[in-house]
2 protein chains.
Amino acid sequence: MASEVRARMIDGAAQLLARQGLQATSFSEVLELTGAPRGSVYHHFPEGKDQMIGAAVDRAGEFLLAAVDPGEGATAEQVVERFLAVWRAVLTGSDCRSGCAVVAVTVATDSSALLNHAAEVFRSWRSRLGELLEAGGLSGEDAHRFATVLVAAVEGAVVLSRADESLEPFESVAADLQVQVRQLAGKG
Amino acid sequence: MASEVRARMIDGAAQLLARQGLQATSFSEVLELTGAPRGSVYHHFPEGKDQMIGAAVDRAGEFLLAAVDPGEGATAEQVVERFLAVWRAVLTGSDCRSGCAVVAVTVATDSSALLNHAAEVFRSWRSRLGELLEAGGLSGEDAHRFATVLVAAVEGAVVLSRADESLEPFESVAADLQVQVRQLAGKG
DNA sequence: GTCTATACGAAGATAGAC
DNA sequence: GTCTATCTTCGTATAGAC
């Protein structure tokens with residue numbers, strides 16, 4: 001199926017972005033990683049590289065939304081723990097060499113189309129986490145304010161851990177965020 | 001003077017990194033931005049591009065340390081405000097198109113030498129902010145834990161604001177960090 | 001849908017003159 | 001210290017066959 005090769009390329013691009021950044025996410029690398037046929041590049045992405053990168057950013061966004069979605073009745077603390085668990089897994093599963101594909105694109109592109117993809121992903125994360133935190137017991141105001149801090153702090157912590165080649169910065173920030181959400185939940 | 005051209009190139013590279021990322025920070029771009037003579041590239045950086053980038057990362061690190069250094073007797077709140085002010089200025093002075101050079105390198109390189117430069121810069125920021133926060137009234141434990149969150153959250157917020165082409169994510173995170181430091185200062 | 005071949009430009013790096 | 005010229009490699013993109 002056509003879309004199967006396309007999907008593999010998008011997933012591969014997202015992985016490469018997270019691990020090596022935008023520059024290293026070339027068609028050659030994606031083809032090598034996925035085993036996709038070279039001839040299908042411009043068949044599946046007639047608008048070229050930015051189209052593939054944009055799709056990879058969207059994919060990374062959807063992946064996190066799916067991973068963070070709890071069953072019924074998650075507390076705010078559990079929502080935070082779930083979000084942290086996703087990123088902890090990214091770091092531990094790669095010896096801290098992998099990070100966030102969306103951040104990698106955001107800091108390395110001039111294309112306003114790609115920036116819009118990234119902005120939309122971040123907005124969707126903040127929005128969904130805000131909803132889940134509110135459903136988990138926080139006030140609407142606290143929930144949406146804290147969701148923004150949560151996304152920013154975790155993204156920053158992932159960068160720090162990649163630089164440090166160590167989980168320590170991430171875990172330090174993670175512990176602090178858990179304390180914060182407990183405080184907010186306790187005051188309600 | 002030889003080192004004057006070299007210093008201009010390093011400053012220019014740091015600016016380009018912050019604004020356009022590692023890929024776009026080519027020798028050609030640096031020469032165009034700084035007006036440095038093309039012939040001096042491998043005179044000043046015999047080890048090539050990574051040497052220039054590493055120097056630019058170090059430079060960005062030192063710049064922030066200098067900018068955040070207060071006069072005598074700054075409170076913890078003032079230390080936080082000062083750190084935030086530096087990054088707010090970076091964003092407002094560039095229509096949110098500029099971010100952090102160190103982050104840009106961290107997410108875009110495989111070189112462990114460059115990662116070490118970045119890690120050392122982040123470590124120096126956390127360490128110095130921790131000292132200043134402790135001098136500003138926080139307990140030693142609170143100071144160093146909060147310094148890490150501060151760096152991570154602000155770096156993440158700068159990325160979010162670049163993607164969003166808006167100061168809103170940054171200011172939302174900034175407000176939250178100020179509330180946090182006030183709480184920590186109040187409990188002491 | 002996939003292939004090969006190739007055009008085109010950019011970037012890093014080197015050589016040798018001045 | 002700086003210059004021009006050049007080499008090599010690589011990445012994007014296109015053309016046209018199968």
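A, B, ... follow the sequence lines: proteins, then strands. Residue 1 opens every chain. These numbers come from the heavy atoms of this one structure, side chains and all, not from hydrogens, waters or symmetry mates.
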> Would one find a side-chain N or O of B/H43 under 4.0 angstrom from OP1 or OP2 of D/dT2?
Replying inline: no

> Is it the case that A/T34 and A/R8 place a side-chain donor and acceptor less than 3.5 Å from each other?
Replying inline: no

>> With side-chain contact (heavy atoms from CB on, under 4.5 Å) as the criterion, how do B/T75 and B/V79 come out once you've worked through the C-alpha distance, each side chain's angles and the decisive distance to 0.1 Å?
In response: CA-CA 6 Å; B/T75 64; B/V79 170; over 6 Å; no

> Looking at CG of B/L65 and OG of B/S124, how far apart are the two atoms once the value is rounded to the nearest 0.5 Å?
Replying inline: 4.5 Å

>> Under a 3.5 Å distance rule, please check whether A/S127 uses its side chain to pair with a backbone N or O of A/R123 as donor and acceptor.
In response: no

> Among residues 21-42 of chain A, which contact DNA chain D at a heavy-atom distance under 4.0 Å?
Replying inline: A/S26, A/F27, A/S28, A/Y42

> If you measure only the distance, is there a donor-acceptor pair under 3.5 Å linking the side chains of A/Q178 and A/E81?
Replying inline: yes

>> What I want to find out is whether B/R97 reaches A/D110 closely enough, with some N-O distance under 4.0 Å, to be called a salt bridge.
In response: no

> Is a side-chain donor-acceptor pair under 3.5 Å present for A/D176 with A/Q180?
Replying inline: yes

>> Using a 4.0 Å cut-off on heavy atoms, which residues in residues 46-56 of chain A reach DNA chain D? List them by number, or say none.
In response: A/G48, A/K49

> Would you call A/D142 and A/R145 a salt bridge, taking side-chain N to carboxylate O under 4.0 Å as the test?
Replying inline: yes

>> So, applying side chain to side chain contact (heavy atoms under 4.5 Å, CB included) with A/S161, which one of A/P169, A/S166, A/S172 is it?
In response: A/P169

>> Using whole Å, what does the distance between atom C1' of nucleotide C/dT2 and atom CZ of A/F45 come to?
In response: 15 Å

> In whole angstrom, what separates A/H44's NE2 from C/dT2's C1'?
Replying inline: 9 Å

> Which of residues 98-118 of chain A have a heavy atom under 4.0 Å from DNA chain C?
Replying inline: none

> Is any NZ, NE, NH1 or NH2 atom of the basic residue among B/R126 and A/E168 found under 4.0 Å from an Asp or Glu carboxylate oxygen of the other?
Replying inline: yes

